[in-house]
Amino acid sequence: MQKKTFKYGVHPPDFKSLSGGFAIETPSMPAVVTIFLNQHIGKPAIPVVAVGDMVKTGQLIAKQDGFISANIHSSVTGKVEEIGNFLDSTGNLSKAIRIRAEQEEEWVELVDDEHYLQFANQEIIKRVQDAGVVGMGGAGFPCYVKMMSKNIDTVILNGVECEPFITSDYRLMLEKGEQIVAGLRLFMKVLGAKKGIIGIEENKPKAIKALHSLLVGLDDVYVQPLELKYPQGAEKQLIMACLHREVPNQGGLPADVGVVVQNVATAVAAYQAVRYRRPLIDRVITVTGSAVRNPKNFYARIGVSFDYLLEEAKGLIAPVAKIISGGPMMGFAVSSTEASISKTSSAIVFLRESEISSEKESNCINCARCVDVCPLYLLPGRIAGAAKHSQWDKAKESGALDCLRCGSCAYVCPAHIKMVQWIDLVKAKLSEMSKEGE
Amino acid sequence: MKLIVSAAPHLHDELSTKSIMWNVFFALLPAWGFSIYYFGVQALLLTVYGIFSAVVSEYLIQKFRKVPITVSDGSAVIAGMLVSFNIPVSAPWWIPIIGSIFAMAVGKHVFGGLGHNILNPALLARAFLMASWPTIMTNWTKTTLGSISGMTAVSADLASAKAKLLVSSATPLGVVKFLRDKNFVDGLGVTAEQGQEVAHMLMSKIASFEVVQNLFWGNCGGVIGETSVIALLFGAGWLAYKHIIEWRIPTCYILTVFVLSYVFGGIDGIFSVSVLFAVSQVFAGGLILGAFFMATDMVTSPCTRRGRVIFGIGCGVLTVLIRIKGGYPEGVCYSILLMNLTVPLIDRWTLPRFFGASRKRRVK
């Protein structure tokens, strides 16, 4: 099948061979997990356990608060040790429940409903909601909310994984293809979608082949190979590539063009939630980078620390200068390995000093390389230039509010201008000004 | 463990301001090498004077302004090189030096240094030199038409002083400029009819394959850096391959000049010339150098895609307008400078349609 793509974008090196060849491993039982209450977009969950309580694996420990929120479950069996502020996977302090784990674990009761596809839509959505499934590609949008979209004709599963280094979705596609397809079927059934597409970048030919072999002879569901280009995995760019539909800007959603996009890992979690009532308590995470001795992919329980995962990957072979939670294009640099992972943590990348750019910003030479790569057709350099001189209107007319923060502009900027941060500043200023205006 | 915490993205493309500038420098080397081969060691010396004085003046200016010294980024080297490329090889040694100092001081640092200048510094220096020392700046050492077979016979027939002036004129652009003047043409021969006849013959000579070939290889009169089309294209190809110049400006510029020269280029009204004549107008003068190395100057060209198209076409229109109607035989320098001034306006008028903007939400 012919590969497709969106307009513009960049070609960073992918570094996926570091960890891509290793099957997903189940690591040892962690001693302690730190489970955050805000692992999703929306309101943080409300704790339903107290310090000293004993909890089982999969037990609800914090319940969703409002429509856009998600349940949180214990990923281990053990005792609630503390409820307080801890270092989260974005490098910030946020509220979490810390649980001291026992080596022998006891699960909450699970089921196995073989005929899960015959459930009423409400039941399917409720099970996904109960299990606390959120978008696992990075945004963490509650999955069940998307499943209630109206007028959807196509579901796209995002297996693009365009961020360099990360191989967690890749391994999942190789190893759990059936569950991914089952998840896709569930989404299609609930949404009444006639078409299902799994979008995968061409640098993962084995994953394309594996999933394609599961879909031979089907005409409503297919694998769409995509050109290797960043940010191919961004929702709007993925829809553009697969269907040539343009999601409206300024708050437009995929549902506005009849599409729902879910990550492949989310599809697996949703399938397990509906069939087994299994809550989302673990995820695949890639521990990688040239500073790591044995880069690997793990089924990591939500809330394990970076320290623990690094040890499972046999530690460091070189001094690490930067630890990135997520991919290097949009991920967060963290200040300590005491940070813990969440439902949206797809990778931890340990980089050596020689690999990170620490150039200072210099004068913009107006080369327009940022303009030439911006996947949303914005003028990033013009925004940054306007922001430096507090020209907020000029920044706005250059597209500041539409930015998806993919960082392509900053990646190519020869003057090393921190485009994304300037654009963030503009967004903050404009929202401040509009509040003052009200 | 000492960790660096900084904002995303954590990876960066290899290209930096410095490497862009040095790539441009390398791209100019073939043209420089050719000019040394063709014009002799003086072309080497004048260019070295230009580069050296540009670097020294940038260093001194930055020292004086108490700002970081950035001469190693290569932008001063390129400016000095381009200033020298715009000077005839017969010029005295102080011409490139004054030009480069002017380019750095008035062209660049008055505005605040790299990235802030409104006009291309090298072209501004050329305009300054042209206005100050016009004879020096147009004193070509080689002639284009004189070397062509058959031209000697023509010049023998043309006894008048005017005719001598014509044939000794170095560039096809210069010749065409003279031929557009009806009084000049009428005075060429004994009778006005004879004059017309000679003029038409000269026009067809310029449209000959031989002239086009000479222009392409660089066997013609002109300033140091502009003569060899092939050497310039070689460098431009390198820059395009490195994604340092983008196709829109040079393509639109050259196509516009080609089309307008074909339509309006003749001396007998519109569509009175051959395609080959239009090609000679593209290869002649500073168009190739200007289109690939000066109009594409990042600092002084538009950042929007549509803006680059408008900018390229604008340069082309002005170039042909100056060549046909203006007082100078060549218009590349002034056309780019004039278009430089319009860049902020062009950018504002050509703001792109953002992804997803003004598309109606789907209603079922």
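Labels below follow one simple rule: chain letters A, B, ... track the order of the sequence lines, proteins then strands, and each chain is numbered from 1. What you see below is based on every heavy atom in this structure, not just the backbone, and it leaves out hydrogens, waters and symmetry mates.
Atoms CD1 and OG, on A:Ile324 and B:Ser6 in that order, are 8.0 Å from each other to the nearest 0.5 Å. Note that CD1 of B:Ile4 and CG of A:Leu351 are 9.5 Å apart. Values are rounded to the nearest 0.5 Å. Atom CD of residue A:Glu397 and atom CG of residue B:Leu351 lie 5.0 Å apart, to the nearest 0.5 angstrom. Taken to the nearest 0.5 Å, the CD1 atom of A:Ile356 stands 13.5 Å off from the NE2 atom of B:His12. Atom NE2 of B:His10 sits about 11.5 Å away from atom CD1 of A:Ile323, to the nearest 0.5 Å. Put simply, OG on A:Ser335 and NZ on B:Lys2 are 14.5 Å apart, with the number rounded to the nearest 0.5 Å.
The heavy-atom pair separating B:Val5 from A:Ala333 by the smallest distance is CG1-O, 3.6 Å. Here the closest non-hydrogen pair linking B:Arg308 and A:Ala368 is NH2-CB, 3.6 Å. A:Asn363 and B:His116 get closest at one heavy-atom pair: ND2-NE2, 3.7 Å.
Of the two parts of B:Arg348, the backbone and the side chain both hold a non-hydrogen atom closer than 4.5 Å to a non-hydrogen atom of chain A. Contacts of B:Ile20 with chain A are made by side-chain atoms alone, with heavy-atom separations under 4.5 Å and no backbone atom involved. Neither the backbone nor the side chain of B:Ser75 comes within less than 4.5 Å of any heavy atom in chain A.
The only option from A:Leu404, A:Asp402, A:Leu376 that meets the side chain to side chain contact (heavy atoms under 4.5 Å, CB included) definition with B:Phe355 turns out to be A:Leu376. Checking each of B:Thr70, B:Asp73, B:Thr17 against A:Ser362 for a side chain to side chain contact (heavy atoms under 4.5 Å, CB included) leaves exactly one that passes, namely B:Thr17.
Per-residue heavy-atom pair counts under 4.5 Å with chain B were compared for A:Cys406, A:Ser398, A:Pro164, A:Ser336, and the maximum is reached by A:Ser398. Your options are A:Gly399, A:Ala321, A:Gly381, and the one with the most heavy-atom pairs under 4.5 Å with chain B is A:Ala321. When B:Pro302, B:Ser16, B:Gly115 are compared by the number of non-hydrogen pairs under 4.5 Å with chain A, B:Ser16 comes out ahead.
A 6.0 Å sphere centred on OH of A:Tyr8 holds more than 12 heavy atoms belonging to other residues, nucleotides or ligands. Within a 6.0 Å radius of CZ in B:Phe111, other residues, nucleotides and ligands contribute more than 12 heavy atoms. Within a 6.0 Å sphere centred on CZ of B:Phe52, other residues, nucleotides and ligands contribute 12 heavy atoms or fewer. More than 12 heavy-atom neighbours from other residues, nucleotides or ligands sit within 6.0 angstrom of NZ on A:Lys388. The 12-atom threshold is exceeded at CD of B:Gln62, counting heavy atoms of other residues, nucleotides or ligands nearer than 6.0 Å.
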* Test side chain to side chain contact (heavy atoms under 4.5 Å, CB included) on B:Leu114 and A:Ile365 and set out the steps. => CA-CA 7 Å; B:Leu114 182 65; A:Ile365 54 168; 3.7 Å; yes
* Please lay out, stage by stage, how B:Glu246 and A:Val371 fare under the test side chain to side chain contact (heavy atoms under 4.5 Å, CB included). => CA-CA 12 Å; B:Glu246 198 244 19; A:Val371 178; over 6 Å; no
* Check the pair A:Glu359 / B:Lys18 against salt bridge (Lys or Arg N to Asp or Glu O under 4.0 Å), numbers first and verdict last. => CA-CA 12 Å; A:Glu359 294 274 333; B:Lys18 204 169 166 172; over 6 Å; no
* To do: Could you please spell out the steps behind the side chain to side chain contact (heavy atoms under 4.5 Å, CB included) verdict for A:Tyr230 and B:Leu11?
  => CA-CA 12 Å; A:Tyr230 179 86; B:Leu11 291 180; over 6 Å; no
* Would you sort out whether A:Arg369 and B:Met298 count as a side chain to side chain contact (heavy atoms under 4.5 Å, CB included), showing the intermediate values? => CA-CA 10 Å; A:Arg369 289 168 69 78; B:Met298 296 160 170; 5.6 Å; no
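Side-chain contact between B:Leu3 and A:Val320 is present, with at least one heavy-atom pair separated by less than 4.5 Å.
Listed by sequence position, A:Cys413, A:Pro414, A:Ala415, A:His416, A:Val420, A:Gln421 are the residues of residues 413-425 of chain A in contact with chain B, using a 4.5 angstrom heavy-atom cutoff.
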